[in-house]
There are 2 protein chains.
Amino acid sequence: MNDQDRRSMPLFSIGIVIKLTELTARQIRYYEEHQLIAPERTSGNQRLFSFNDVDKLLEIKNLLDNGLNIVGIKFLLTEQEKTELKQQKAPDLTKKELKQILKNELTEAGKYGKVSLRQGELSRFFVKH
Amino acid sequence: MNDQDRRSMPLFSIGIVIKLTELTARQIRYYEEHQLIAPERTSGNQRLFSFNDVDKLLEIKNLLDNGLNIVGIKFLLTEQEKTELKQQKAPDLTKKELKQILKNELTEAGKYGKVSLRQGELSRFFVKH
DNA sequence: CAGTCCATGTTAGATAAACTTACATCAATT
DNA sequence: AATTGATGTAAGTTTATCTAACATGGACTG
């Protein structure tokens, strides 16, 4: 079992994720509804979140705090996953530009103190790298 | 937050622990009843297990497979915790001897192929050391 | 070999946690 | 003023977990 397996293993009930992220159940379900995350389900249809899911939720929270909307966040997260898959193909310029713009905005926001308490990626604290 | 905090953080419902350890709910509750583990509880009284708890359960499973009984396992776990607290005080001879005997038995069992699939300590796979 | 004990199985009934759906709210846009 | 996006909230249902009690089966013991 490698790191990626560990990070994507369904482990946490929504109750725990609420505590870890300080999001509400409503928020978490809304983000799923809009396909920012896709947690597993138990045989009885209850959500089971992985470290990756929690990481994403923390990132979503940050980005929302910085004024991005769901669509923009979805874009960022998707791009991020592509990058992590190390696909070195020539990226779509439009998307790449958007990504850059969004990242710049976020960075600027940080400079002006809009970034709340650093919501780091949870799994960095738990999963070996 | 340090490693020990992470390892003792209440994260997992009993359903997840059942899958992680391949123990039954009955077994897990029985071990708690006999104070081999002491998982946290939600406000509604449902158990929440930490990495440490899961580690202990895997160890309990191993020791049971090797013929130890609950009392012996409790002894071992207690001793182990003391050791981990780095208490360098002169140990109680009787207990030390028992520990040695039990460990030897376990080792011997291993030699004769009685040790099933190595149920390592879960958190070694998850928590940074 | 009948009786105990230990670890676990099983069942019942109760409670907590989570689910979906629908409607409400409220700030920001249009 | 109307619309939209993100979230709150409530109702009703289903799933997960809880405790308590009794059942079982193998290992030991007198």
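Numbered from 1 within each chain, the chains take letters A, B, ... in sequence-line order. Just so it is clear, the structure is predicted and the values come from calculations on it, not from any experiment. The figures here come from the full heavy-atom set of this structure, side chains too, leaving out hydrogens, waters and symmetry mates.
The distance between atom CG of A:Asp65 and atom P of D:dT7, rounded to the nearest whole Å, is 10 Å. Rounded to whole Å, the distance from CZ on A:Arg41 to P on D:dA16 is 12 Å. Residue A:Leu48 contributes atom CG, which lies 11 Å from atom C1' of D:dA16 at whole-angstrom precision. Protein atom CD1 of A:Ile28 is 10 Å distant from nucleotide atom P of C:dA18, rounded to whole Å. Rounding to whole angstrom units, CD of residue B:Glu33 and P of D:dC18 are separated by 13 Å. In this structure, CD of A:Glu32 is placed 14 Å from P of C:dA18, rounded to the nearest angstrom.
With respect to the salt-bridge test (charged N to carboxylate O, under 4.0 angstrom), the residues A:Asp55 and A:Arg7 qualify. B:Lys56 has no carboxylate O lying under 4.0 Å from a charged side-chain N of B:Asp53, or vice versa, which leaves the two without a salt bridge.
At a threshold of 4.5 Å between side-chain heavy atoms, the hydrophobic network of Ile, Leu, Val, Met, Phe, Trp and Tyr places A:Val71 and A:Tyr30 in two separate groups.
Here B:Thr24 pairs with B:Gln27 under the side-chain hydrogen bond (donor to acceptor under 3.5 Å, both in side chains) rule; sequence neighbours left out.
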Every protein N/O within reach of nucleotides 4-11 of chain C N/O, cut-off under 3.5 Å:
residue	atom	partner	partner atom	Å
C:dA7	OP1	B:Ile70	N	2.9
C:dA7	OP2	B:Tyr30	OH	3.1
C:dT8	OP1	B:Gln27	NE2	3.0
C:dT8	OP1	B:Tyr31	OH	3.1
C:dT8	OP2	B:Tyr31	OH	2.8
C:dT8	O4	B:Arg26	NH2	2.9
C:dG9	OP2	B:Thr24	OG1	2.7
C:dG9	N7	B:Arg26	NE	3.1
C:dG9	O6	B:Arg26	NE	3.2
C:dG9	O6	B:Arg26	NH2	2.9
C:dT10	O4	B:Arg26	NE	3.4

Give every pair of a protein N or O atom and an N or O atom of nucleotides 28-30 of chain C that lie under 3.5 Å apart, one pair per line with the distance.
none

Table of protein N/O atoms under 3.5 Å from nucleotides 15-17 of chain C N/O atoms:
residue	atom	partner	partner atom	Å
C:dA16	O4'	B:Gln46	OE1	3.4
C:dA17	OP1	B:Thr42	OG1	2.9
C:dA17	OP1	B:Gly44	N	3.4

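By the 30° and 60° cut-offs, the orientation of the rings of A:Phe51 relative to A:Phe12 is perpendicular.
Using a 4.0 Å heavy-atom cutoff across all strands shown, B:Arg47 reaches sugar-phosphate atoms only and no base atom.
The CD1 atom of B:Ile28 lies 5.5 Å from the CG atom of B:Leu57; values are rounded to the nearest 0.5 Å.
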Quick one: side chains of residues 34-42 of chain A, donor-acceptor pairs under 3.5 Å with protein atoms, not counting sequence neighbours, listed by atom name and distance.
residue	atom	partner	partner atom	Å
A:Arg41	NH1	A:Asn45	O	2.9
A:Arg41	NH1	A:Asn45	OD1	3.4
A:Arg41	NH2	A:Glu32	OE1	3.4
A:Arg41	NH2	A:Glu32	OE2	3.4
A:Thr42	OG1	A:Gly44	N	3.1
A:Thr42	OG1	A:Asn45	N	3.3
A:Thr42	OG1	A:Gln46	N	3.0

